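Only one structure is covered here, and it is reproduced in the block below.
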Amino acid sequence: EEFLVEISGTTVTITCPVIDGTIKWDPAGINPSDNGRKYIIEDYDSSPRNLSCSSEGKTYAMYLNARVCTNCEELDALAVTGIVIADLLITLGVLILVYYFSKDRKGKTSTGAGSRPRGQKMQHPPPVPNPDYEPIRKGQREVYAGLEPRGF
């Protein structure tokens, strides 16, 4: 048998698993409800506590370590589902817009400096030789004579 713990804002309500008889809570004095089965802690400060309830010789103990917040809002499953579906629809809409705008740009040719008609190959200018390197010509090998491999 298990305790039932309900948290709403800073109020924690604990229900003892004992069904019949007079229930005694330990520690006592923190707002036990009318029938004694529920133990209500208002303005709970998230500090861990040991609690126990007993009735007719049976004792049930629990360690309460719950986090609460003062400005929290509770969302039901319908609200969370609505938020997720709306987010997916907005994302899908953005994807469709990007697709259609990029599709239209593919078909149009730009009139910029590097444009050419379709099907025509671009002709590249010959590469400009680097002036730092002089080509080896016949009869001028003495310039490069010092670059021969040396045997050690």
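Counting from 1, the numbers follow the sequence of the chain as shown. Note that the coordinates shown come from a computational prediction; the quantities given were computed from them, not determined experimentally. As a basis for the values below, the full set of heavy atoms in this structure was taken, side chains included, without hydrogen atoms, waters or symmetry mates.
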Any chance you could measure Asp45, atom CG, to Arg67, atom CZ, to the nearest 0.5 Å?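 Output value for this atom pair is 11.5 Å.
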For the NZ atom of Lys24 and the SG atom of Cys16, what is their distance to the nearest 0.5 Å?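 Rounded to the nearest 0.5 Å, the NZ-SG separation comes out at 12.5 Å.
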According to side-chain hydrogen bond (donor to acceptor under 3.5 Å, both in side chains), who are the partners of Thr70, at least two apart in sequence or on a separate chain?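 Per chain and number, Thr70 pairs via side-chain hydrogen bond (donor to acceptor under 3.5 Å, both in side chains) with no residue.
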Under the side-chain hydrogen bond (donor to acceptor under 3.5 Å, both in side chains) rule, collect the residues that match up with Asn71, sequence neighbours excluded.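 By the side-chain hydrogen bond (donor to acceptor under 3.5 Å, both in side chains) rule, Asn71 matches no residue at all.
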Tyr60 and Ser55: side-chain contact (heavy atoms from CB on, under 4.5 Å), yes or no, with the steps? CA-CA 9 Å; Tyr60 298 93; Ser55 175; over 6 Å; no
Locate the shortest heavy-atom distance separating [X] from [Y]; write the atom from each residue and the value.
X: Thr81; Y: Ala77; answer: OG1-O, 2.8 Å
X: Ala66; Y: Ile7; answer: CB-CD1, 3.6 Å
X: Phe3; Y: Ile14; answer: CD2-CG2, 3.6 Å

Worked verdict on Leu64 versus Val5 for side-chain contact (heavy atoms from CB on, under 4.5 Å): CA-CA 9 Å; Leu64 178 65; Val5 178; 4.3 Å; yes
Considering residues at least two apart in sequence or located in another chain, which fulfil the side-chain contact (heavy atoms from CB on, under 4.5 Å) criterion with [X]?
X: Asn65; answer: Pro48, Tyr63
X: Thr15; answer: Leu4, Glu6, Arg37, Lys38
X: Leu75; answer: Ala79, Val80

side-chain contact (heavy atoms from CB on, under 4.5 Å) assessment of Ile40 paired with Val12: CA-CA 6 Å; Ile40 302 168; Val12 178; over 6 Å; no
Just wondering, do Thr13 and Tyr39 contact through their side chains at under 4.5 Å, heavy atoms?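 In short, these two side chains do not touch, never coming nearer than 4.5 Å.
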Is there a side-chain contact (heavy atoms from CB on, under 4.5 Å) between Tyr44 and Arg49 once you walk through the steps? CA-CA 11 Å; Tyr44 180 65; Arg49 298 183 186 190; 3.7 Å; yes
Using atom types as modelled, flag every donor-acceptor pair under 3.5 Å from a side chain in residues 84-99 to any protein atom, sequence neighbours excluded.
from, atom 1, to, atom 2, distance (Å)
Thr91, OG1, Asp87, O, 2.9

